[in-house]
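Report on the following structure.
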Amino acid sequence: MAYDYEKSIRPGKLPHIWCPGCGHGIVMKGLIRAMDSCGLEKNNTALVSGIGCASRLPGYVDMCTLHTAHGRAAAFATGVKMAKPEMTVICLGGDGDGTAIGGNHFIHACRRNIDMTYVIMNNFIYGMTGGQFSPCTPTGMKASTTPYGNPDPTFDISKLAIGAGATFVARTTAFHATQIDKLIAEGIKHKGMAVIEVLDDCPTTYGRRNKFRSVVDMMKKLKENAVPVQAASKMTAEQLQGKFLTGVLYKEDKPEYIEQYAKVIAKAQGQAS
Amino acid sequence: MTQALKKEIKKYKVLTGNGAAAYAARLCRPDVVSLYPITPQSEVIEQLENFHANGTLEAEMIRVEGENSAQNAVCAAAMAGARVFTATSSYGLVFMYDAMFQTAGYRAPVVMVNVNREPPGIHAVCSGQQDMIATRDTGWIQLIAESGQEIFDLVIQAYRLAEDEAVQLPVMVNYDGYYLSFLAESIELPEQSEVDRYLAPLKEQPPRPTLVPGSSLGCGAHGLGMGFVELRRKHMAAMARSRQTFEEIDAAFGEEFGRSYGGQIEEYRTEDAEIVLLTSGSAVGTARTVVDAKRAEGVKVGLIKLRMFRPFPIERLSAALQGRKAIGVLDRSLCFGWDCGPIYMEVKALLADIGKVPLLNFIDGLANMDITKPNIERMVNDLQSAAQGEPFNPVAWVTMGE
């Protein structure tokens, strides 16, 4: 029997705004399956997003949702988690939202190792505003603001998250649909800051400027260049050229922020009495 | 076709409001440009990046990760002696808020385009002037355009104003997002040499203090006590002077290009007007046609267009509003805490000069709600009835049928 997504979708909110071929819908379905498998309840789960195509995702899902300002999802989510530590908090957004204008909030949420899950859909571009380059637009690729190619070096979001202190970091792609829900579910269960980077496709503003003839071409590229982290250990540097790793890239048990904070409160109250 | 006619036709180009802003900025020869995309401004950054990529804009492009960085970058570049340009809208403008104070406090002659859009709170990808209003006390000069051609002309005028020795203040050029940003019009494009004649390249201007290698100058020092007071006093005096300077700059623009707009305000059919409506931006065009129609019916109605919001045109407006039987102010933003629109509130502050008169506020055009001809006709009717001594509603939300 086909999986029933409708029970998790807000009635009347469809059709969504995403273009045909966009991978965000695949991620949304993965998220729904992941939340389901973790047994999350809608009154005890907050989906928080900023601005952008990916940030529209919470609007469609029947959970507690917060659609905030550009780049501010992690800051809002931190506030939700601090006030309601019993809630499961999931941030959703794109590469522009999360690593450009919201980069500061993103790295500090990682540094604190606060117990939440950040699913970042990296489609290498600002999609909603019309395809301007983002910090994740690969060097040399075209955007509406880099008509002859982007001169900037790029962020590797997963490395950024690891470097900043996130304790669960995983990567997959919009092609690897079944891996999306497994990794998100693992991230939700992880105690601490979990970042799941989903490499995604934007045929409308990225693909068409960069000679991808179709959505299938974009998906093929995601499929072909993905190397599972286990397989990579057996490959040479040469073989790994131009590829990216998928799967759980980093996992560590480290004190979680809310727990540490509670300890300080207990200590302060103990001293006061 | 004669050569002269060909040349004449070549002078015109169909451009959107955003396109007009970008073309004008290029003709002003900025040295440093820094912008961040945001709807409905994104076309400005795309156009300028394209100019830069094809070699027709010889500026340094500073590519940033947010508007706050853009404002800081152009402020610093202006302090270092560059002519700079930036553009934003809504969320982006309020994200620059602290940096805007800094730019104005440093007296950095930054020119910025702001494409008016409703700011955060209720997600609205819609037109509205609340973003501009929210930044009115940052110490910037704020101008408002009515049409694509005026956007083009105001950007050029803004550089003259910002760099004027008597002013030395940042200038913000505002135009209604969606209405003017995306509306394509025929724009008259001057030659580069004509713009250069009107707006002297920076190196031909009197030197101003800048940060340069080899001389140690500091900026951003603590202004404690009287130091702070003195600088603020000078800032306010420069703001006051800018009213007259803007009049002169607009007149000089008229001499060079054959178009001028009346300086701080434009009065339309006000000579013998008993009632007047004051508004700004794209709504002025609609209001003009309604005023014409009402005039044809024999109603003595006039229109005042606010072109300069900061500094507020105190003397010019007082003179223009004196002796009327009723005055209406059409606001497309809100003044929370005063229960009315902000421009209405400011006009109210002029009542001591203009005398007691029925003053009506019409709130309309929030979040892309069209300010239609019937809406403005209704405003004129309300003004007529108030002028005849009938009781009136001082603050009416027109869209809500009040």
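None of these values were measured; they are calculated from a predicted model. Just so it is clear: chains get the letters A, B, ... in the order the sequence lines come, proteins before strands, and each one is counted from 1.
The line from CD1 of I101(A) to CD1 of I38(B) is 7.5 Å long, rounded to the nearest 0.5 Å. Taken from CD in E65(B) to OG in S134(A), the straight-line distance is 12.0 Å, to the nearest 0.5 Å. From R72(A), atom CZ reaches atom CZ of F95(B) across 4.0 Å, with rounding to the nearest 0.5 Å. Residue S144(A) holds its OG atom at 10.5 Å from CD of E43(B), rounded to the nearest 0.5 Å.
Annotation: K211(A), atom NZ; neighbour count of heavy atoms from other residues, nucleotides and ligands within 6.0 Å does not exceed 12. Within a 6.0 Å radius of CE in M369(B), no more than 12 heavy atoms belonging to other residues, nucleotides or ligands are found. Annotation for Q192(B): atom CD counts as buried by contact number, over 12 foreign heavy atoms lying within 6.0 Å. Applying the 6.0 Å contact sphere to CD1 of I122(B) captures no more than 12 heavy atoms from other residues, nucleotides or ligands. The neighbour count for K81(A) NZ, taken as heavy atoms of other residues, nucleotides or ligands under 6.0 Å away, is above 12.
In this structure, T129(A) and P37(B) approach most closely via the heavy-atom pair OG1-CB, 4.4 Å.
Looking only at side-chain heavy atoms (C-beta outward), M128(A) and T39(B) stay at 4.5 Å or farther from each other. Contact of the P151(A) side chain with the R63(B) side chain is registered, since non-hydrogen atoms from C-beta on lie closer than 4.5 Å. At least one side-chain heavy atom of T145(A) sits less than 4.5 Å from a side-chain heavy atom of E46(B).
Of the possible donor and acceptor atoms, none in the side chain of H70(A) sits under 3.5 Å from a partner among the backbone N and O of Y91(B).
Between Y126(A) and Y36(B), the angle of the ring planes goes over 60°, which puts this pair in the perpendicular group of the 30/60° scheme.
Proximity to chain B (any heavy atom under 4.5 Å) is restricted, for T68(A), to the backbone atoms N, CA, C and O.
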